[in-house]
Each structure stands twice: as structure tokens, then as C-alpha cells.
There are 2 protein chains.
Amino acid sequence: MTTSPYHHGNLREALVGVAVDVVRERGPEALVLRELARRVGVSHNAAYRHFADREALVDAAAERALEALVATIRRRLARVEEQDPVRRARRRLMEIGVGYVEFALAEAGLFRLLFTAYPDPPDGAHGDGEGDDPYGMLNAALDELVEVGYLAARDRVGADVTCWSAVHGFAVLNVEGPLRGLSADERDAALTGLLLGIDRGLGAGGDWPSLADG
Amino acid sequence: MTTSPYHHGNLREALVGVAVDVVRERGPEALVLRELARRVGVSHNAAYRHFADREALVDAAAERALEALVATIRRRLARVEEQDPVRRARRRLMEIGVGYVEFALAEAGLFRLLFTAYPDPPDGAHGDGEGDDPYGMLNAALDELVEVGYLAARDRVGADVTCWSAVHGFAVLNVEGPLRGLSADERDAALTGLLLGIDRGLGAGGDWPSLADG
DNA sequence: ATGCGATGTTGACATTGGTAACTCCAAACG
DNA sequence: CGTTTGGAGTTACCAATGTCAACATCGCAT
């Protein structure tokens, strides 16, 4: 309501909003400052009162994208009802992977945005809180796997990078890489295979039954 | 020598050449038509006699990048001297991964170029020749693993996607993702862990000794 | 020699990100 | 209640880029 024709009210939010819209529709490369201004009904250059430059706006939008990704993963995690601690932990790890890929495919634009402007490294500092980022959630899940005895502590090191690499690679290849064009069925099968492979690899120390059957 | 001041001789090659140079130095986004022309000492627009548009030139450069990647992998494969068929096959698969990542890190610009303009899918059609692309080489290596009895035929399906995903993901995260900034040592360790994990996962059917020791 | 087609050139145009200088309004202060 | 001050938007402008159209130049076949 406080929208006098001049002072917009909260241009910043509005800009980030349309930015997200545009990215969802046409990808990060379609993120054009002047068009955003047009859409919001404001002159170009208005944006410069709120963002240092184009990149700053892109970063702001990327933050939104990250939240969306986290939300998707959380949603998937919440659906796990498994009771047995070991099976539960393993299932949770898989769901993180599924959620990650689900988001990448459903929101290809946002997913790509996320990695054209990523907030630098996650700073090896894992181990504190669960973190509100996917990497933190992954680490939490892996720690859980150690606690329940599925993953040998010795194999915990590097497991995060391995898991992330596999799932991220799968997502990238399917979204913008040579694997786009796979049918939904092929994709699902491949992803299941990938995740089961990880699950099997992590638990290779003991003699656990596959999550696939049962 | 045939360089009269007017007709350049073979502009096409020259353009692709400097394009590759620029990408190596400053990445794919620095690939600016007009600058290439300047570098070659020709007027802008000259390029349009040889390329339909910017994208066509990018594609041509990407082709070069692909060749370079393949060369790097071949070089690594050629160095494997292992005699025992099983160990040899396993080692070869690992070297493909190492080569892939090595290239991504050493030639970050070219690697990124490769995936900003990728020649569509590899067309599920694997099984013919080894192919001169990394995907073909990967498939050949996996087939070899089946032949020597390390990889169960049943697990062959999807193994290609799993391997590619893991290695590609690792490369991407390290080159342009949140894992850039890892020290060389950390990176090496993580990659070794990843590749051993794959090796272990593929051979999980039998009871093979790790490639790490011995 | 000559004329034609491939190869380059010049000139223009619309778009984009960005800077500078101006304007407008609202709230703080006397 | 008037004024001033500064945040928020605006217009004017610039250089760079991709691309199109029209023109120039050269070599080779006739």
C-alpha cells in the first residue's frame, strides 16, 4: 500500500522476486537487469540503489534458490518413516540425493543459477550445526550413519565429497549436460542405481543387506 | 605466406585458435567475437563468413577442447603397465577418472567450455566402437571389467552413468563449485577416495582385494 | 582480360551493464 | 510550520557487444 508512484516501497524484494521468476522461466543467462526493472515497472538504474551491480542481484536470487533447494530436501527427509535406526539413516541419505536431483530437474533454472554464483566454499568446517545448506545436511546424514554403525568411522572421511560429487554430477549431466534427454524412466533407474551403489559402497565394511529389497 | 593484407588465408582456423587461447586464459564467458577478430588482426564481422553466429564459433572451440580432454585421458591410459588382467582393467578405469579430473583442473577454461556448449547427448548408442569421446572410453573400460570378471554383467547397466556422474561431479565442484579452494593434497586424497569407492562398489559382488594396497 | 564468387570491410542498429547529474518526496529538526 | 537533508528513482549518456546490410577486393575460371 505504501506504493506512491515514486518511492516504490520495497523495490529490493520486488526485484529479487521477478529475478527468481525470470530464472525459473528462462535460466540464469536471461537475467537482465533492465528487463527486471521493466517488469517491476521502474526505470533501469533504479536497481542500483539496492544492488552494487548485476552480480549482486544475481547473488540475491541465488540465495532464494538455495532456500528452495533446502526446502525440497527437507520435504523429502520428512517423509521417511522407517523405524529401524540403520535402515532409517540409510534411507535418509538416499532421500537427500533424491531431493537434490528432484530439485535440479524440476527447477533447472534455479539449480543452474545456484552454481553460476555460488557463495564460495562451505569451509571445511563441518561438524558444528546441521547447517541450513545441503552440504551440512549431507554431513549430518553421514554422521548419523556412523553413529548407527553402518558406516565405519575410518571411511567417514571423504564420504561427503564422494556423495556430493556423485549426486551433483548426476544432476548436472541430466540438467545441462549430455544426459539431458534421458526419459524419466531411464533417469529414475539410473539414479536408483547410483544411490544404491553409494549405499552399498559406504556399508561395504560390514555385510548389510541391500536397501533395494525388503 | 599467402597472407595478402586482405584475404587472410584461413581465417577459420586462426579464429578457432585464438578462441581456444582466450578460453584457456579467461574462460568461456570471455569469448567475445570482436576481440577474437582484433587478435587475429581482422575486422569484426569477418568471422561471419565462417561461422553463422557466436555460438557456432563456440562450438568449434568446444570441439578442440573435447579433443584435448580425450588426449589427456589417452595419455594416462597409455601409462598403465599392470599385467594382471583384472588389476589392469580396474586401473584403467581409475586412470580415466584421474585424467578427466586432471584435465578439468589444469584446463578449467576448456573444461567449462565443454559443458556450456555440449554436442547434445551421446545417444544411448554405446556398444559400437570405443568412440573417440570420453563416454565411449568409459564404456569400453567398463565392458573390459565385465570381460575379466570383475564387474558382474548384471551390474554393468547404469555403471557408466554412475561412474561418469561421480567423476564429473567431483570435477565440477572442484573447478567452479564450492570445492574449489581445496588444497592439492586434500583434492588428491578426496579423488583417490572417490575412485577407490567406485572400484569397491563395482566389484562388490565378488571378494576382491582393494586396489589401494599391494 | 574479365567477371563472378568467396572473403573482408565499413557502417549502422538495438541491447546491455554502468556512471553522472538531476528530481522528488518524506521524515527529522529548528 | 518551514526548511533541509538524504534516500529512492529518473533521465541522459557511454562503451561494448552481437548482428545485419551494403560495399570493396582479390583470385580463379572462362
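Within every chain, numbering begins at 1; the chains are lettered A, B, ... in the order of the sequence lines, protein sequences first and strands thereafter.
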All side-chain contact (heavy atoms from CB on, under 4.5 Å) counterparts of [X], not counting sequence neighbours:
X: B:Arg76; answer: B:Arg79, B:Glu95, B:Val98, B:Glu102
X: A:Ala65; answer: A:Leu110, A:Leu113, A:Leu114
X: B:Asp188; answer: none
X: A:Arg49; answer: none

Measure [atom1]/[X] against [atom2]/[N] and give the value in whole Å, please.
X: A:Arg12; N: D:dG7; atom1: CZ; atom2: P; value: 16 Å
X: B:Arg49; N: D:dA22; atom1: CZ; atom2: P; value: 12 Å
X: A:Leu15; N: D:dA8; atom1: CG; atom2: C1'; value: 12 Å
X: B:His44; N: C:dT9; atom1: NE2; atom2: C1'; value: 9 Å
X: B:Asn45; N: C:dT9; atom1: CG; atom2: P; value: 10 Å

Run the side chain to side chain donor-acceptor pair (under 3.5 Å) test against [X] and tell me which residues pass, sequence neighbours left out.
X: B:Arg200; result: none
X: B:Arg91; result: none
X: B:Arg64; result: B:Glu13
X: B:Glu63; result: none

Atom CG in A:Leu15, atom CG in A:Leu33: separation rounded to 0.5 Å? 8.0 Å
Regarding the side chain of B:Leu11, the nearest nucleotide among D:dG9, C:dT9, C:dG8 is C:dG8
The correct set of residues in residues 20-27 of chain B placing a heavy atom under 4.0 Å from DNA chain C is none
Those residues of residues 31-41 of chain B lying under 4.0 Å from DNA chain C by at least one heavy atom: B:Arg34
Taking the side chain as everything from C-beta on, heavy atoms only, tell me whether A:Leu11 gets closer than 4.5 Å to A:Val40. yes
Check DNA chain D against residues 51-58 of chain B and give the residues with a non-hydrogen atom under 4.0 Å, in numerical order. B:Asp53, B:Arg54
Does B:His50 have a side-chain nitrogen or oxygen under 4.0 Å from the phosphate oxygens OP1 or OP2 of C:dG8? yes
Any side-chain N or O of B:Tyr48 less than 4.0 Å from the OP1 or OP2 oxygen of D:dC20? no
Taking ring-ring contact (aromatic ring centres under 6.0 Å, His included) as the definition, give me every residue that meets it alongside A:Phe111, ordered by chain and number, with sequence neighbours left out. A:Tyr100, A:Phe115, A:His168
